Amino acid sequence: MQATATVLVYSDDANTREQVRLAVGRRPAADLPPVEFVECATLPAVLTELGNGGIDACILDGETAPAGGMGVCRQIKDEIFRCPPVLVLIGRPQDAWLATWSRADAAVTHPVDPVALNDTLAVLLRRSVPGAAEPSKAVAAR
């Protein structure tokens, strides 16, 4: 397993980025490596970081302006070769259809629920982090 999992967090609101960092903590699950965050407040910063590579998952704030997280998700899914999995923070459960339109791999409502965010992020990271695997069914059933 790699030493760390790198998660890009995109929001124009520093408080939202902080809520995500605090909710995830050091690692979203015991079977995953510690998380290192890359914070971005603008679309150009997101595109630069993704272009540099090394991002294992993205968390995008759907309420960010002027480039909302769902539009950014759709753009990076079209433009970034082997785009990492994307989790979109949506303002209300009724916005789930927009997350589907954006091609997000998952969506969690905002304000951030730490349990839902960690569970969802863990699933995405298990798909993208080398050496991370789904826990055995016996462990998952506990």
Side-chain angles (χ1 to χ4, degrees), residues 1-140:
M1 183 177 348
Q2 68 186 46
T4 61
T6 305
V7 176
L8 182 144
V9 180
Y10 168 66
S11 179
D12 64 340
D13 184 346
N15 291 326
T16 299
R17 295 191 308 267
E18 179 181 34
Q19 287 175 14
V20 168
R21 281 193 333 270
L22 292 174
V24 173
R26 293 176 45 108
R27 60 177 59 187
D31 63 321
L32 292 168
V35 172
E36 176 181 303
F37 294 99
V38 174
E39 294 186 38
C40 297
T42 65
L43 174 57
V46 170
L47 297 175
T48 298
E49 290 296 338
L50 288 172
N52 292 339
I55 303 295
D56 296 303
C58 300
I59 300 175
L60 309 178
D61 181 4
E63 303 299 314
T64 296
M70 288 182 257
V72 170
C73 179
R74 190 165 175 101
Q75 180 177 348
I76 65 176
K77 289 291 187 169
D78 285 341
E79 295 179 3
I80 304 296
F81 181 66
R82 294 189 181 143
C83 182
V86 178
L87 185 157
V88 176
L89 300 176
I90 56 177
R92 54 198 183 119
Q94 296 87 343
D95 293 337
W97 74 272
L98 283 169
T100 300
W101 167 85
S102 74
R103 299 190 200 125
D105 297 282
V108 174
T109 56
H110 191 268
V112 175
D113 171 3
V115 173
L117 181 64
N118 276 315
D119 289 349
T120 306
L121 182 59
V123 169
L124 297 180
L125 286 173
R126 286 183 188 112
R127 292 184 207 160
S128 64
V129 173
E134 289 289 333
S136 71
K137 290 184 184 349
V139 172

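Nothing here was measured: the structure is a model prediction, and the numbers come from that model.
- For the atom pair Thr42 OG1 and Leu47 CG, the distance stands at 8.5 Å (nearest 0.5 Å).
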* Going through the checks in order, is the side-chain contact (heavy atoms from CB on, under 4.5 Å) test met by Thr16 and Thr64? -> CA-CA 10 Å; Thr16 299; Thr64 296; over 6 Å; no

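- Between Thr120 and Ala116 the shortest heavy-atom distance is OG1-O, 2.8 Å.
- Side chain of Ser128 to backbone of Asp56: a donor-acceptor contact under 3.5 angstrom is found.
- Looking only at distances, no side-chain donor or acceptor of Arg103 sits under 3.5 Å from a matching main-chain atom of Cys73.
- Scanning all heavy atoms of the two residues, the minimum distance from Tyr10 to Val46 falls at CD1-CG2, 3.4 Å.
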* Determine, stepwise, if the pair Val24 / Val7 fulfils side-chain contact (heavy atoms from CB on, under 4.5 Å). => CA-CA 10 Å; Val24 173; Val7 176; over 6 Å; no

* From CA spacing to verdict: side-chain contact (heavy atoms from CB on, under 4.5 Å), Val72, Cys58 -> CA-CA 11 Å; Val72 170; Cys58 300; over 6 Å; no

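- To the nearest 0.5 Å, atom CG of residue Leu8 and atom SG of residue Cys40 are 4.0 Å apart.
- Under a 3.5 Å cut-off, the side chain of Asn118 and the backbone N or O of Ala23 do form a donor-acceptor pair.
- Residues Val112 and Val108 have side chains not in contact (no heavy-atom distance under 4.5 Å, counting atoms from C-beta outward).
- Once rounded to the nearest 0.5 Å, the distance linking CG of Asp61 with CD of Gln19 reads 9.5 Å.
- At least one donor-acceptor pair under 3.5 Å links the side chain of Asp105 to the backbone N or O of Val86.
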* Ile90/Leu98 under side-chain contact (heavy atoms from CB on, under 4.5 Å): CA gap, chis, key distance, verdict -> CA-CA 9 Å; Ile90 56 177; Leu98 283 169; over 6 Å; no

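- Rounded to the nearest 0.5 Å, atoms CG (Leu22) and CG (Leu117) are 11.0 Å apart.
- Residues Val88 and Ser102 approach most closely at CG2-OG, 4.3 Å, considering heavy atoms.
- Exactly one of Leu125, Val20, Ile59 qualifies for a side chain to side chain contact (heavy atoms under 4.5 Å, CB included) with Leu87. That residue is Ile59.
- Smallest separation of non-hydrogen atoms from Ala29 and Arg126: CB-NH2, 3.4 Å.
- Shortest non-hydrogen contact noted between Pro33 and Arg27 is O-CB, 3.7 Å.
- When each of Met70, His110, Glu63 is checked for a side chain to side chain contact (heavy atoms under 4.5 Å, CB included) with Leu89, only His110 meets the rule.
- Scanning all heavy atoms of the two residues, the minimum distance from Lys77 to Pro84 falls at NZ-O, 3.9 Å.
- Looking at Arg26, its side chain never comes within 3.5 Å of a backbone N or O of Pro34 through a donor-acceptor pair.
- Taking OG1 of Thr48 as the start and CG of Leu43 as the end, the distance is 9.0 Å to the nearest 0.5 Å.
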